[in-house]
Structures are given as structure tokens and as C-alpha cells.
Amino acid sequence: MNTSVLEPDPMLAARDIRKSYGRGAARFDALAGVSLEVQAGESIAIVGKSGSGKSTLMHLLALLDRPDDGSVLVGAADASQLPVRQLNRLRNEEFGFVFQQFFLTPNATVLENVVLPLKIAGVGASERKTRGMAVLEQLDMADKARNRAVTLSGGQKQRVVIARALINNPRVIFADEPTGNLDTISGALVEDILFTLNREQGIALVIVTHDPDLAARCDRQFFMRDGRAVGSLEVHGVSA
Amino acid sequence: MNLLDITRAAVGNTFRSKTRTTLTVLAIFIGAFTLTITSAVGSGVSDYIANQIGVFGARDVLTITKTAEDAAAETEGLSPYDPDKAANGRDALSHVEAPHITPDDLDVIRQVDGVLDVSQVQHVSPRYVEYGENGKFELHVNVDGVLFNPDLASGWQLDGGTTEGQILLVSPYVDGLGFSDAEAAVGEVVTMGVADYTGEIHEVQATVAGVMHETILASGAAVNDTLADELYHLQSIGGPTEASDHSVHARVRFDASWSEEQVALLQTDLTDLGYDATTVADRIGVIQAVVSGIIGVLNAFAIIALLAAGFGIVNTLLMSVQERTREIGLMKAMGMGGGRIYTLFSMEAVIIGFLGSVIGAVVAIGVGAVANDLIKGTVLADLEGLEVLRFEFAPVATIILLVMGIAFLAGTLPARRAARQNPIDALRYE
């Protein structure tokens, strides 16, 4: 197919990537040759049961790990050719991460948790505070800025996590089961926040989920089983 | 992450697990405390020796003894009797094993290049000293007294040129002889009694030139040459001539402006002639070598304690890395480089080292101050001017840096483990 000539370069692309864990009899092929392109501003759901390789695919796209075979492209560049320093900067400035288990530092304040990426990037303390408060404001969490993360409810925690993911104005947010640990109401709220960001700020979403309702809200669904792609479903909705 | 943030984060992390940090710091503390104390004793004692004696020691004097030719034979079984070598029964020096220096020896030594003057060192042993009617006291005269310009409590050093007999008393005699204080003793005339060969007591007048602090090397009173000669003359009355013109030691004077090499050359010349020649510095050097040997052993124990504490740091940080696996994974996912993670954990190790060593040093200095007062007041009250534990900035700072260095090395293994963690494995870790 030569449709790629018409379409712009994908923001991220996986080309026939393979990844396996363990060796010998315990060897487990998490990915057995998968290709996927992520365009700027689109939302993709990677759907599959646990063990289907969907998380591994997301990790490789997010440059958290390297494939055993195949390549991951960032724009036109092969990620394996990029220096580690640049990969770190990409993850820090262009990517946002939302995890099912939140990964907040429990005894640090909400604000401290939110500005962690800025701290890693070496941004000064006063700017960190300004930008941290701004993003908390955006997510209606400003009044909790001084609270310790451990005191928050699950929905609030996930909003803090989204605030942390947003703080560097990323081009893409990777979300691994973002509503997996939440009740229906807070889950819906978190979903709304993510899709609003996608629509209004043009932030691409790569969501790993086994929740069909969440997947259905995405522009595209990418189904996986046993480390392989088993089909995809494109929704030509309003946002396309 | 800039260095300031890393430092802040490291400080924060250090206190996250208070019990564990405290115990590790305690282990470091013990090592640092011991090392600070031992090094303080080392510099206190050698400083004392160097200051009290070395600085005041005569630079232009060699002490001469005749080399015992059969020194080697003595160590292997019995020595055969030699009537020529055997000392006369009535000889004043018969109790001394070393060969005597005779007037002939003096002539030989006088011919050596660079020798300005050579004289015998005669041991004088007055029976008593008395001031006014306050009673007679035994007195030990240290013939080496003139080798040093002792640390004076009052008065002046001995005058070698005067015809007046002068004596430097040691401070305990001030009270005993009945002076009100050290100043009052200066210029007063004391009476010394000395017995000759027949046992008759002769009395000699001596002017107190000054009062000196008691020291390790010169523990008795010092007398000037005039008084020494007079005492020696009196105690030799009725004795054989051999007794009066033989001695165990002789003293050689040379040019005070000589370099160490020139002095060493003179010593070699004298050694070739069969004499042992030692400078004051050589004699002090022996004591200092012994002291530094002991201090060295103590320091080695302290270092061993520190090394053991270093493994405590390794253990603590490995546990910390384990506990914070997910946090490390998160930071790596968010773009923190391995180098920064490494720095973060190394910094924690260094902070633990810093805490332990600073607390150790501060406590050691506090304990040292108390101990100094105690020792001064009791065990070593006689050694005036001795500060057993001497804390100086440079050694204490060196110890703190050394401990931080050991801590840093201990931190490298856990820090490397943290830096190499794969963010995925770390995030999956439950």
C-alpha cells in the first residue's frame, strides 16, 4: 500500500517488532512481529487480554525498552540509532505516562509529585511551582496541592498522575489501564479528561485497556492476542 | 535534575527510613570517633614531644658513646671474661655495661673534622637539696638537661658561661623547698649536699636560675657546667683517678648552622672511629617512632571499623534500592538518566558517611576535651603542658573526607544497581 505517501510521517511507528522474555523452555514471546503507527493527535486503544503483549507494545512505543528485532521509529529516525540522552529527553518532554497503579510518591505532596518531570529536566524551583500549580488548576486539583499524595482518593490520584503527565505539554500520553483501579464514576471522569486533552490540545493518546467501552471512545482500536495483531477497527467519528 | 535537587532529594531519602539510617550512621560514627580520638592522641603526644623538647633541643650537640665491639656476641650465649675490659671494682662506673670514654678517646674525637669541642658528660648525684631551714630533699640531676632549653615556668635558661653555679629546678620542688611560687624561687640560693668517696658530705651553693615544667625526657633538675664540674669534683674526692676521668657519654659541639647532611657526615665519621653519635633529634626520633607505631596500630583498628561500617552502607543502600525499585523505574521512565540515578544513590551514601563522620568527630572532640581535663588533673598531672588529645582542623577534616570517600565507594555497588535498572522491570515490580 502506498497510502503513506499521502499521509504525513507518523509520529511513532513500530515496524515488525519482536520481544521475548526468558530463555530456553521458559522463553515467552511477548511480541511476535507487530507493526503499528501512531499519528499526531489521534487516539489509539490497544486492546487485548492479559498476556496478549499489549503492555509490551506500549512500552516499546514509549521507548522504555528496546525490541529484540524490528524497529521503532520516532518521526523519521530509528530509535535504536538515537543516543540514550536524547531518548531520555524525548520521554521527559514529549511523552506523558499514566499508570494503573499511579506510581505517586506517597509521602510527597501533590505538587511535588506533579513537578517530578520538571525536576528531572532540571527546571528551577520557582518555575516548577508556577507550572505545577497551573496544571493542577487545569485539573481542578489546585486546592490539594499541599496534601500528601497518600491522602487522596483513587480518582484524585489519577488526576494528579494526569497532571504529572501533562506538565511538559507532551505530544502523546501513554496510558496503561488508566481506569483499571477506579470506580465507574471516577473512571468516567478520568476518561473525559483524557479525551478532552486529546480533542482540545491535540495530544495523542495510546491507551492500553481491556475495557471495550473505553476502547470504543478512541479513534482506532488495535486488537492483540498472543503477541500478534489480530485486527483493527477505525472509527471515523467527528474528531477524525 | 540539577545537583541541588539531587542533593535535596538524597537528604530527603536518607531520612525516609530513620531506624536503618540511624543504625548505619552509628556504625560509621564508631569508626570515625575512634579514628578522630587516635589521631588526636597521635598529634597530641608527638606535638608534645616536638614542642616541649624538640623545639628546645640543642641543635649543635652530638652525644657520644663508645660502640660495644662485642655487641653481637652478647646476644648469643655467655660472654667470656676479659680482665682488660672488666671495670675496676671501685670504679664509679662499674655498674655501667657500656665501654668507657677515656681522655684518649676525647683526643681522637677532637681531631675529627667539624668537631668544635668535646667534653665528657659526668654523672653527678647530689644527696640532697635544701633552701633555708625548710628541710632536705632528695634531688635527681639530669645531665642531659643542658641538651634542652626546657619549657620554663619562670626565670631564665642556664648560663653556660658564668662562674656562678646555677640550677634549674623542676616545678614540684617549688612547694617542697618552701618557695611561695615559681617566681619567688628565681635568684634564690639553695644548698646542695654531695658525698665524696669516703662518705663525707660537702655542701655547695647554687643559684636558682629558673623553674621548669617537668617533661618526659628531662625529668630531673638541670645544672650548668660550672655547678656540674664543682659537684663532680667533690664526689670524686678520695676515688681512683680512673673514676674521675672516665665517662660513659661525651658531648660534641659542632656548628649550629650545619645542614642535616653535614651533621650526618660527621656522625658517619665518628661511627667509623668506633663511636655512636646521636643528635638530640635522633634521640627524640626514637620516642616519636614508638609513639607513631602505637598510633598507627590504633588507627588501623579504626580503619577496620570504618571498613566494616562501609559494608553497612552497602547493605542499607541495597535495601533502599530494592524498596524504591518502582520509584527508580518511574524516574527512568520520565527521562532521568542512569548517571543521575547513580549520583542520587552515591550522594545518599556520602550523606550517611558525612553524618557519621561529623557526629563522630564532634563527639570525639567533646569527649577529648573532658578527657584532657581529667588526665591533666590526675594521671599525668606531672607532665605540664601536655595535651594528650590534640584536635587540629586538618586531620579532623581529612578523617571526615576519608569517611565520605569510603562511604562513596560503598555506595557504588548499590548505585550501579539502581542506575542499571530497566524501567519496565522496575515498574512491573510488586
Side-chain angles (χ1 to χ4, degrees), chain A residues 19 21-22 30 50 55-67 83-109 112-125 127-128 149 161 164-165 167-168 170 174 176, chain B residues 1-22 317 319-348 351 415-430:
Chain A
K19 182 80 184 172
Y21 297 103
S50 66
S55 289
T56 305
L57 176 60
M58 188 201 85
H59 291 152
L60 291 176
L61 276 174
L63 308 175
L64 290 171
D65 207 351
R66 290 172 188 267
V84 175
R85 194 174 285 265
Q86 197 171 334
L87 291 182
N88 283 339
R89 244 186 55 197
L90 262 172
R91 285 206 306 275
N92 183 262
E93 294 175 2
E94 313 278 350
F95 297 175
F97 294 94
V98 175
F99 304 97
Q100 182 179 5
Q101 307 94 326
F102 316 128
F103 293 131
L104 294 170
T105 309
N107 287 318
T109 67
E112 281 164 358
N113 269 292
V114 167
V115 300
L116 182 62
L118 295 182
K119 205 171 177 181
I120 288 169
V123 174
E127 190 187 339
R128 289 208 295 259
V161 172
R164 182 175 67 190
I167 195 141
N168 261 333
F174 294 94
D176 193 348
Chain B
M1 218 172 184
N2 58 40
L3 210 59
L4 183 69
D5 285 328
I6 287 187
T7 314
R8 270 198 204 134
V11 171
N13 292 336
T14 308
F15 293 105
R16 231 192 266 183
S17 176
K18 290 193 181 63
T19 317
R20 206 166 57 202
T21 303
T22 310
L317 285 183
M319 284 166 79
S320 187
V321 169
Q322 188 91 352
E323 270 172 20
R324 280 147 63 191
T325 300
R326 297 211 326 197
E327 187 189 328
I328 295 164
L330 178 73
M331 290 196 293
K332 289 198 98 171
M334 289 178 170
M336 184 137 157
R340 293 296 160 107
I341 303 259
Y342 183 91
T343 314
L344 181 63
F345 277 86
S346 296
M347 191 78 90
E348 287 180 35
I351 287 169
R416 233 171 55 165
R417 186 169 286 189
R420 285 186 174 175
Q421 243 167 29
N422 182 335
I424 302 303
D425 296 342
L427 287 174
R428 280 212 194 107
Y429 179 85
E430 290 299 327

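By convention in this document, chain letters (A, B, ...) are assigned in the order of the sequence lines, proteins followed by strands, and residues within each chain are numbered from 1.
- Proximity to chain B (any heavy atom under 4.5 Å) is restricted, for A:Arg164, to the side chain, taken from C-beta onward.
- When each of B:Leu4, B:Asp5, B:Asn422 is checked for heavy-atom pairs under 4.5 Å with chain A, B:Asp5 comes out on top.
- Atom OG1 of A:Thr105 and atom CZ of B:Arg16 lie 6.5 Å apart (nearest 0.5 Å).
- In this structure, no portion of A:Phe95 lies under 4.5 Å from any heavy atom of chain B.
- Atom-to-atom distance recorded for A:Asn92:CG and B:Met334:CE is 8.5 Å, nearest 0.5 angstrom.
- In this structure, B:Ile424 CD1 and A:Leu60 CG are separated by 7.5 Å, a value rounded to the nearest 0.5 Å.
- In terms of modelled atom types and a separation under 3.5 Å, the side chain of A:Arg91 and the main chain of B:Ala333 share a donor-acceptor contact.
- Using a 4.5 Å cut-off between heavy atoms, A:Arg128 touches chain B through its side chain atoms alone.
- With contacts defined as side-chain heavy-atom distances shorter than 4.5 Å, the pair A:Phe97/B:Leu330 does not qualify.
- Residue A:Phe174: no heavy atom, backbone or side chain, is found under 4.5 Å from chain B.
- Taking CZ of B:Arg340 as the reference point, atom CG of A:Asn88 lies at 10.5 Å (rounded to 0.5 Å).
- Taken to the nearest 0.5 Å, the CZ atom of A:Phe102 stands 10.5 Å off from the CZ atom of B:Arg326.
- By the 6.0 Å contact criterion, CZ on B:Arg20 is enclosed, its count of non-hydrogen atoms from other residues, nucleotides or ligands being greater than 12.
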